[in-house]
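Values in this document were obtained by computation on a predicted structure and should not be read as measured data.
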Amino acid sequence: MPPVTDERLAELTDRLENGIKELYASGRYAEYLAAMSKFHHYSFGNALLILLQCPTATSVAGYNDWKKKFGRQVKAQEKSIKILAPCPSRRLVEREKKDPDTGRTLYGPDGKPLTEWHREVVTHYKIVSVFDVSQTEGRELPSLVSELSGDVPDFENVYNRLAALCPLPVELGPVPGTAKGYASFAENRVVVRSGMSQVQTIKTLIHETAHAKLHAPDFLSENPKPRQEKEVEAESVAYVVCQHFGIDTSDYSLGYVAGWSRGKELAELKASLNVIHATAGEIINAIQPPPPERTRDEPSQEYRRKVTKRK
């Protein structure tokens, strides 16, 4: 198979975009958004607290919310994630009375400032416990992705070529939470969950290889990318590479990118097209076996075709 062309990469990326647009228009995406809207939107500080305590967290809610809103139960012996919840309260305070037109303090006959009672909101914070979906069990949540199944032709060679290309050492093993794999510069390794199908394993390894190649730690980058953009890039690369080799990951990749994009115009995907094209092309060329070497005396295919036509 010859090296992949820019036209072929563009064709595959267009297929990805069109597939996601169709997903946006489906009832499945609306169902997913309805479920996600029930989760609290946490502040930057709480998001950081969640990340530090549970790096693989994806959907977080309180104990009662999991039970009442989602029909799920927190599993026994699970350790909660601690965040800070605002607790507003009202109180009466005495303050100087102001002229409504000028904003200046009003004074009484005795020359002292007039005062009035005002009810104001005071916010204090308390520590509350939340849990990630991976710490619960029960009714399934609406999902945009489906576990991939099936075998990959020449699986071992494809896996080994990907592992050789990846900037970080690759290993199969347990992965915390519900993630299929992760790339860690701190641990200097890529881990792919063991026991998955060949298709899911290869797709995940391509995804994590893209992370390892494109997304160095933020402190090493002049313009660090948000996680949303990183995930769109990595999964788009995985989709394009797998499509090129006839491995259909639509059930997983389309929903994954749609879930991270959150917008019908796919701004993150379009902004990353050049990166996706270049990285997918590099990985495809690394996976493709080199053409067999022709001995010096062996005629080329073109020569054989010409001879056949003459006959």
Check: Residues two or more places apart in sequence or in another chain: which of them pass ring pair (Phe, Tyr, Trp, His ring centres under 6.0 Å) with Tyr252?
Finding: Tyr256
Item checked: Partners meeting ring pair (Phe, Tyr, Trp, His ring centres under 6.0 Å) with His215 (sequence neighbours left out) -> His211
Margin query: On a heavy-atom basis, which atom in Gln53 and which in Ser80 lie closest, and how many Å separate them?
Written below: OE1-O, 4.2 Å
Item checked: For Asn157, all residues meeting side chain to side chain donor-acceptor pair (under 3.5 Å), sequence neighbours excluded -> Asp154
Please tabulate, one pair per line, all N/O donor-acceptor pairs under 3.5 Å involving side-chain atoms of residues 169-176, not counting sequence neighbours.
{"residue": "Glu171", "atom": "OE2", "partner": "Arg189", "partner atom": "NH1", "Å": "2.8"}

Check: Is there a chain of hydrophobic side chains (I, L, V, M, F, W, Y, each step under 4.5 Å between heavy atoms) that links Leu205 to Phe155?
Finding: yes
Check: With Thr13, which residues qualify under side chain to side chain contact (heavy atoms under 4.5 Å, CB included), at least two apart?
Finding: Val240, Leu273, His277
Item checked: Nearest heavy-atom neighbours spanning Met196 and Gln200 -> SD-CG, 3.5 Å
Check: Taking only residues two or more places apart in sequence, or in another chain, which ones meet Glu11 in a salt bridge (Lys or Arg N to Asp or Glu O under 4.0 Å)?
Finding: Arg8, Arg15
Notebook entry, point to check: Of Val60, Leu49, Asn46, which meets side chain to side chain contact (heavy atoms under 4.5 Å, CB included) against Val130?
Noted result: Val60
Margin query: If hydrophobic clusters are built from ILVMFWY residues whose side chains come within less than 4.5 Å, do Tyr24 and Leu16 share one?
Written below: yes
Notebook entry, point to check: How close do Gly255 and Leu23 get, heavy atom to heavy atom, and via which atoms?
Noted result: CA-CD2, 3.6 Å
Margin query: Working to the nearest 0.5 angstrom, can you tell me the gap between Thr279 OG1 and Ile284 CD1?
Written below: 10.5 Å
Next item on the list: Answer yes if Ile206 and Leu214 sit in the same cluster of Ile, Leu, Val, Met, Phe, Trp and Tyr residues linked by side chain heavy atoms under 4.5 Å apart, and no otherwise.
Entry: no
Next item on the list: Apply side chain to side chain donor-acceptor pair (under 3.5 Å) to Arg91 and list each qualifying residue two or more places apart in sequence or on a separate chain.
Entry: Glu120
Notebook entry, point to check: To the nearest 0.5 Å, how far apart are CD1 in Ile202 and CG in Leu148?
Noted result: 12.0 Å
Margin query: Same cluster or not: Ile276 versus Trp260, using hydrophobic residues (I, L, V, M, F, W, Y) connected whenever any side-chain heavy atoms lie under 4.5 Å apart?
Written below: yes
Next item on the list: Mind listing the closest non-hydrogen atom pair of Gln198 and Val152 along with its distance?
Entry: OE1-N, 2.8 Å
Notebook entry, point to check: Under the salt bridge (Lys or Arg N to Asp or Glu O under 4.0 Å) test, which residues partner Glu22, sequence neighbours left out?
Noted result: none
Item checked: All salt bridge (Lys or Arg N to Asp or Glu O under 4.0 Å) counterparts of Lys82, not counting sequence neighbours -> none
Checklist line | Atom of Arg161, atom of Ala286 and distance for their closest heavy-atom approach | finding: CD-O, 3.2 Å
Next item on the list: Please name all residues satisfying salt bridge (Lys or Arg N to Asp or Glu O under 4.0 Å) with Glu229, sequence neighbours left out, ordered by chain then number.
Entry: none
Margin query: Checking the side chain of Arg95 only, and the main-chain atoms of His118 only, is there a donor and an acceptor separated by less than 3.5 Å?
Written below: no
Note to self: Test salt bridge (charged side-chain N to carboxylate O under 4.0 Å, His left out) on Glu17 and Lys270; report intermediate values, then the result.
What the structure shows: CA-CA 9 Å; Glu17 183 175 348; Lys270 291 180 178 178; 3.5 Å; yes
Check: Does anything in residues 176-206 pair up under ring-ring contact (aromatic ring centres under 6.0 Å, His included), and if so which pairs, sequence neighbours excluded?
Finding: none
Note to self: Quick check: closest heavy atoms across Trp66 and Leu141, and the distance to 0.1 Å?
What the structure shows: CZ3-CD1, 4.1 Å
Next item on the list: Go through the structure and list residues passing side chain to side chain donor-acceptor pair (under 3.5 Å) with Glu7, not counting sequence neighbours.
Entry: none
